2 protein chains.
Amino acid sequence: MAEQVRTGKVTIRDIAASAGVSVATVSRVLNGRPDVKAATRELVLDTIRSHNFSTNRSARGLAGGKTNLVGITLPNLHAEYFALILSGAAETLYDQDVRAVVCPTLHQADREVSLLDRLMHGTTDGSLIVLPESRPELRVLARRHYPFVVVDPKEPLPAGMPGVSAAHFSGARDVMDHLICLGHRRIAAITGPSSWVASIERLHGYQAALAAYGIIAPPEWLVEGNFQIEGGYHAAQVLLALPQRPTAIFAFNDNMAVGALQAIRERGLRVPEDISLVGFDDAQSASLISPPLTTVRQPLIEMGRHAATLLLRLLDGQPAEGLRVHLATQLIVRASTAPPPAED
Amino acid sequence: MAEQVRTGKVTIRDIAASAGVSVATVSRVLNGRPDVKAATRELVLDTIRSHNFSTNRSARGLAGGKTNLVGITLPNLHAEYFALILSGAAETLYDQDVRAVVCPTLHQADREVSLLDRLMHGTTDGSLIVLPESRPELRVLARRHYPFVVVDPKEPLPAGMPGVSAAHFSGARDVMDHLICLGHRRIAAITGPSSWVASIERLHGYQAALAAYGIIAPPEWLVEGNFQIEGGYHAAQVLLALPQRPTAIFAFNDNMAVGALQAIRERGLRVPEDISLVGFDDAQSASLISPPLTTVRQPLIEMGRHAATLLLRLLDGQPAEGLRVHLATQLIVRASTAPPPAED
DNA sequence: GTGTTTTCCGATAACGGTACCGGTTACTGG
DNA sequence: CCAGTAACCGGTACCGTTATCGGAAAACAC
């Protein structure tokens, strides 16, 4: 009750002295160990409260060998995609009283490397790595038994490396099924950077569907974008200038679909009457633009949550075997797709 | 060159031994102290590299009294608004080799309190607090000389408390000027939660402009929203049902404007021909919807950057006096505003 | 009443750095 | 040539916890 509002310098020793026990006992109480008499525990707890003490994390980290900190590395924070993953992860970790330190790498590989390097060294207990591109460095981490889980990793992930991913392949195939069922045959795609795992997987889905229906796609139906709006815009311009204009465009994310929509409009064409348009991600924008975009919902927040849970389990000493989560995606049909215009 | 890929257990003592110097010297090199001969420094640096050693943060924190960690507390991460602020802040901090630990409070006040409490205690060197609502607890932090800066704080901030804010007031007034110049007189507003600082400030700007033009606003022109899309939707429904329908609606953020747009459409009205619509924030969605939304751009990333810089300066021991940043906003006129329809 | 467990708790050595205090050298200037 | 000063560097006491070990007291068995 002493209202000891000191400068925040109360240590475990002060508590011990004030409660008339040893520091060891205080530590035991702090860590919820069972071998403390109930009465003593209460006493200690009371003194802790009255001194409003809380344990120094650095010291605990040094002594106990763990920091209660995990790193979350991701390319950036302002993109909706990453922000959502982060959101799910950080909140889950927070609930378990584990702090998350964010490390935006801005796609600079050197940063990532030096980062991972120091991540392991007493800085964090483990990491959650959102790495849309595949990086061999991960092997090193794994070899040193540093606990981490990869979000959206290259498939197949080396054995024993935990990760959570979305069903890019089947998501893309769903899109194609949808378009083909509507009657489309000339379906172009605006892909993402070819180094991105998501991009590659979606491409496979696209191609698999075409193959399944026996459609032979000329190479010019494939244009690489950059997952940004203007990348989609330019890619669409290329596609629309084709002698045999495609009747549908599958943009590998919603951003690029937005850009494509713009290009289509500028050319005086209508969506979906003249040309169908599909995105991927189900970003906020997808439902806001007009026409609302047919797209594939990815459970990003869920992915973050799962990744965090996996990591937590890993930190708990459980083996990494089988810690692989593959989340389903869902085709969201909105107004941007329709049967192709009748052939003239 | 030994390629010492050990389990990550290299300590400063190993380096010292291997380089044939004392731990003190290694520590000096690590901290960039000037009193080390250049040759020795190189030698140490080399050994550090070859052992790929990096300093244990916990130990450093414990010994040196600082953690190189700052906390960033904010309501959540998935809202674009907060994600952008975080983005600016985290990246700036990262560049200065300070790590950011994110603490999503999810608006739970108890969380915030207990959080701030433990934030101070050896966990972080300082904090960046994104607090759209005003909280008296901040006083306590300040009294204990814990370094922190508040983003979007209640104005006026108690003396000596550093903070960065946007020009909500003048931003709102700009909107009103714009609308009034177009000829609007019946201008309704969809406000945010009345506890939010941003909401209050914007409201003042709204009222100030009306007063300046001698317009008397009946209370029913003011409906409270929640800064979410559906809040805007419902608020707009109320406004549109008014006997004297307003000719313009000023939604206090873009989300609500999107909702309002929906409500307006459902009622068979056109924007901007029948009714003008303005938002606030310049969120991504503002430029994507049709018609593109007239809104007020807030420099959110900039705000994060500035806040981080301020905090860094604070940690550097510089006094908090004058550490107040007030960033200008900018009216972005797009297609959602036009002169009011001719009176019938 | 004597062994044998349990239960509970205290003493103390780590943990991996930093910072202070001093001690060597190597230069100065007179 | 020597005192004085500066530049460098080593020794070591911390920092605040946790973990280990062992001892005292209490509970139990016989």
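The chains referred to below are lettered A, B, ... by the order of the sequence lines, with proteins before strands, and numbering in each begins at 1. The structure displayed is predicted, hence computed values, not measured ones.
Put simply, the side chain of B/Val151 does not reach to within 4.5 Å of the side chain of B/Phe82, judged on heavy atoms. Considering only heavy atoms from C-beta on, A/Ile72 comes within 4.5 Å of A/Leu93 through its side chain. Put simply, the side chain of B/Val26 does not reach to within 4.5 Å of the side chain of B/Thr47, judged on heavy atoms. Under the 4.5 Å side-chain criterion, counting only non-hydrogen atoms from C-beta, A/Val44 is not in contact with A/Arg28.
Map B/Ala63 and B/Val26 each onto its nearest nucleotide of DNA chain D; the residue landing nearer the 5' end is B/Val26.
Rounded to an integer number of Å, the gap from A/Lys66 NZ to D/dT18 P is 13 Å. A/Ile12 places its CD1 atom 19 Å from the P atom of C/dC15, with the value rounded to the nearest Å. Rounded to a whole Å, the CG atom of A/Leu62 is 17 Å from the P atom of D/dC14. Rounded to whole angstrom, the span from the CG atom of A/Asn56 across to the P atom of D/dT18 amounts to 10 Å. Regarding A/Ile48, its CD1 atom lies at a distance of 13 Å from the C1' atom of D/dT17, rounded to whole Å. In this entry the distance linking CD of B/Glu42 with C1' of D/dC8 reads 16 Å, nearest Å. Between B/Asn31 atom CG and C/dT18 atom C1' there is a gap of 7 Å when expressed in whole angstrom units. A straight line from CG of A/Asn68 to P of D/dT18 spans 11 Å, rounded to a whole angstrom.
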Please tabulate, one pair per line, each protein N/O and nucleotide N/O from nucleotides 5-9 of chain C that are separated by under 3.5 Å, including the distance.
from  : atom 1 : to      : atom 2 : distance (Å)
C/dC9 : OP1    : A/Thr40 : OG1    : 2.4
C/dC9 : OP2    : A/Lys37 : N      : 2.7

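Between A/Arg33 and D/dA19, a side-chain N or O to OP1/OP2 separation shorter than 4.0 Å is present.
Between the side chain of B/Arg13 and the base of C/dG17, a donor-acceptor pair under 3.5 Å is found.
Here the side chain of B/Ser27 is nearest to one of D/dT17, C/dT18, C/dC15, namely C/dT18. Residue A/Arg60 has its side chain nearest to D/dT18 when only C/dC15, C/dG17, D/dT18 are considered. In this structure, of D/dT18, C/dG10, C/dT18, it is C/dG10 that holds the atom nearest to the side chain of A/Ala24. Looking at the side chain of A/Val23, the nearest of the listed nucleotides C/dG16, D/dT17, C/dT12 is C/dT12.
When atom types are taken as modelled, the side chain of A/Asp316 and the backbone of A/Gln318 share no donor-acceptor pair closer than 3.5 angstrom. A donor-acceptor pair under 3.5 Å links the side-chain atoms of B/Asp14 to the main chain of B/Thr11, judged by distance alone. In terms of modelled atom types and a separation under 3.5 Å, the side chain of B/Thr309 and the main chain of B/Arg305 share a donor-acceptor contact.
Comparing the local axis fitted to the first five base pairs of the helix from C/dG1-D/dC30 to C/dG30-D/dC1 with the one fitted to its last five gives a bend of 30°, rounded to 10°.
In summary, of the residues considered (A/Asp46, A/Thr25, A/Val36), a side chain to side chain contact (heavy atoms under 4.5 Å, CB included) with A/Arg41 occurs for A/Val36 alone. When A/Val149, A/Leu86, A/Val164, A/Ile85 are each tested for a side chain to side chain contact (heavy atoms under 4.5 Å, CB included) with A/Val130, only one passes: A/Ile85.
Under a 4.0 Å N-O distance rule, the pair A/Asp35/A/Lys37 does not qualify as a salt bridge.
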